[in-house]
Every structure is written in structure tokens, then in C-alpha cells.
Amino acid sequence: MAGLGKQIVESKFFDLDDIIASSESTSCTFEIGELNPDFFQEMVGIVKPTQNADGYGVDTPLWLLNPDIIKTPVTIHLPQAYSVNMQGVLNADARNVNLSRMQQQFYTNGMQLCYLTKKQNPDGALNLARCLLSTVTQRLGGIISSSANQRTKGDRFDGLETKVFLEGKRCKDDIDRWLRQDNKSMSKKRKRNS
């Protein structure tokens, strides 16, 4: 194929979890400006937006809100899972919250929302980032403990926590397999020396 060279893409360009997370819809308001309201239906196949005094209100996928894709000013309304009230709950005690029920890709979507809202609301984006860090810090010990003690995966984990759990379980299995193998070789050496 003449004329086609290598194209540089982000490291997570082919990451299916990131693609799924970017497809999550969030409520937002686009400024009216030059934006044609038929754009939403024609281009992304989502319901035609409702017009209000602030602009066009619509639920749209996160990937479309990227400032590199759409240049129209947009106000993003945080989903319930990331609201100020929920951030308070998570900061207080995130260990018993069912993240998978709230948002299947909680951390990935939260990071995207931090990035997308940092210009319009830098303090809100910073508070959300701190909440995400606090949440993972509080929950990580329980996830690792569950994987090390051979428990089954909890139904309260989001996608990222599930990956951590499965990786921890795989590492524990590898260590156990290595220890069993080492014990077998040690017992053979003892028999030969006797």
C-alpha cells in the first residue's frame, strides 16, 4: 500500500476496556452556536437533543466530548456515580460500595471525566481525581486479600478492580505452583542423601 506510513496512536488505542468506557453516555449541554441539532442523530445515532436556554441538552458518549473531536463549547453534568454527594460517601468509606452496580468502568470513566471537565471546573475535576484515588486506596487491600486467599471474585468490583483481582490470583497460583515444585525436588534430594 503505497503512501501509507506508520501512524502513531495512543498506547491505549486498542484497549477494549477503554473503548467500552468511552462509549458510556453522560448528560451534557452543548452551546447553541453554529451546532446543527441534527448532528447528534445523523452522526452518532443518538436521540435529537432538547433545546433549553443554555443550549442543546443530550446524553452523549464520552468519546464525542473530547475537545480534539468537537470544538463546540460543552457543559458536562457528572453522572450520579460521580456526584458531589457520592464523592462524600466514597471518601468516607468506599470499601462497602458496589462499584460495578454504580458504574461498570468506574475508574476509567472517572479519569475521562476529570480530563474533560478540568477546563470548565478545575476544582471539581481535582476533587473527583482525589475521590478516585481515595476510593482505589481504600479498596485495594481488600481486593489483594481476596485474590491471595483464593476467594472468588467479588461482584462489587469495577472493570479495573477485576483485572487487579485476576492478576493477583494468577500470581498467587504461580507462587503456589513453584513452591509445590520446589518441595517435590527437596524431598527427592533428601531420599538420595539418606
Side-chain angles (χ1 to χ4, degrees), residues 10 12 15-31 46-47 49-50 52-67 70 73-172:
E10 289 183 39
K12 60 183 181 178
D15 183 4
L16 290 178
D17 291 329
D18 191 59
I19 293 168
I20 291 168
S22 296
S23 299
E24 283 286 324
S25 290
T26 192
S27 178
C28 58
T29 304
F30 288 89
E31 285 186 16
I46 55 178
V47 179
T50 58
N52 57 37
D54 298 328
Y56 296 114
V58 67
D59 287 345
T60 187
L62 288 172
W63 64 263
L64 181 62
L65 299 175
N66 189 326
I70 192 158
V74 61
T75 302
I76 299 170
H77 311 290
L78 290 178
Q80 180 64 34
Y82 306 101
S83 70
V84 175
N85 291 340
M86 186 51 72
Q87 288 179 39
V89 169
L90 292 170
N91 284 328
D93 184 13
R95 292 173 294 213
N96 298 315
V97 176
N98 187 339
L99 289 184
S100 99
R101 187 178 300 149
M102 275 187 357
Q103 191 80 20
Q104 189 61 40
Q105 301 293 331
F106 179 79
Y107 298 106
T108 307
N109 286 350
M111 288 185 284
Q112 288 176 344
L113 286 167
C114 286
Y115 170 74
L116 294 172
T117 60
K118 72 181 175 186
K119 281 188 181 176
Q120 74 182 32
N121 184 0
D123 291 336
L126 181 61
N127 289 337
L128 178 56
R130 287 179 176 156
C131 176
L132 294 172
L133 180 61
S134 171
T135 301
V136 73
T137 303
Q138 291 178 51
R139 295 172 63 94
L140 194 57
I143 296 166
I144 293 171
S145 175
S146 292
S147 66
N149 294 319
Q150 300 297 318
R151 294 189 195 129
T152 58
K153 181 187 85 65
D155 60 348
R156 297 172 175 259
F157 298 164
D158 92 313
L160 183 65
E161 292 174 339
T162 300
K163 282 183 177 180
V164 170
F165 173 84
L166 294 174
E167 185 64 20
K169 190 169 167 102
R170 187 190 63 76
C171 288
K172 173 74 168 126

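Sequence positions, counted from 1, serve as the residue numbers for this chain.
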Separation of [Y] [atom2] from [X] [atom1] (nearest 0.5 Å):
X: Leu160; Y: Ile143; atom1: CG; atom2: CD1; value: 8.0 Å
X: Ser147; Y: Glu167; atom1: OG; atom2: CD; value: 9.5 Å
X: Glu161; Y: Thr135; atom1: CD; atom2: OG1; value: 8.5 Å

Short side-chain to backbone donor-acceptor contact, [X] and [Y], under 3.5 Å:
X: Gln87; Y: Cys131; value: no
X: Gln105; Y: Asp158; value: no
X: Ser134; Y: Arg130; value: no

Q. What are the two closest non-hydrogen atoms of Ser100 and Phe157, and how far apart are they?
A.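 Closest pair (atom of Ser100, atom of Phe157, distance): CB-O, 3.1 Å.
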Q. What are the two closest heavy atoms between Ala94 and Gln138, and how far apart are they?
A.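 Nearest pair, atom of Ala94 first, then Gln138: N-OE1, 2.7 Å.
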Q. Do Pro79 and Asn109 touch side chain to side chain, with heavy atoms closer than 4.5 Å?
A.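 The answer is no, as the side chains (C-beta and beyond) never meet within the 4.5 Å cut-off.
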Q) Side chains of Glu24 and Gln103: does their closest heavy-atom pair fall under 4.5 Å? A)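 Yes. Closest side-chain heavy atoms under 4.5 Å.
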With sequence neighbours excluded, what pairs up with [X] under the side-chain contact (heavy atoms from CB on, under 4.5 Å) test?
X: Val74; result: Cys28, Phe30, Leu65
X: Cys114; result: Leu128, Ala129, Leu132
X: Val89; result: Met86, Val97
X: Arg101; result: Asn98

Which residues share a side chain to side chain donor-acceptor pair (under 3.5 Å) with [X], sequence neighbours left out:
X: Thr29; value: His77
X: Asn96; value: Asp93
X: Ser145; value: Asn149
X: Gln104; value: none

Q: Mind jotting down which residue pairs meet the ring pair (Phe, Tyr, Trp, His ring centres under 6.0 Å) criterion with at least one end in residues 85-138? Sequence neighbours excluded, please.
A: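 For residues 85-138, and leaving out neighbouring residues, the ring pair (Phe, Tyr, Trp, His ring centres under 6.0 Å) pairs sorted by first residue read Tyr82-Phe106.
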Q) Sequence neighbours excluded, which residues qualify as salt bridge (Lys or Arg N to Asp or Glu O under 4.0 Å) partners of Arg156? A)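 Salt bridge (Lys or Arg N to Asp or Glu O under 4.0 Å) check on Arg156 returns nothing, list empty.
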(Q) Can you pull out every salt bridge (charged side-chain N to carboxylate O under 4.0 Å, His left out) where at least one residue sits in residues 77-91? Sequence neighbours excluded, please. (A)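 Passing the test, one end in residues 77-91: no pairs.
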Q | Listed once per pair and sorted, the side-chain hydrogen bond (donor to acceptor under 3.5 Å, both in side chains) pairs that draw on residues 118-129, sequence neighbours left out | A |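 Qualifying pairs, neighbours excluded: none.
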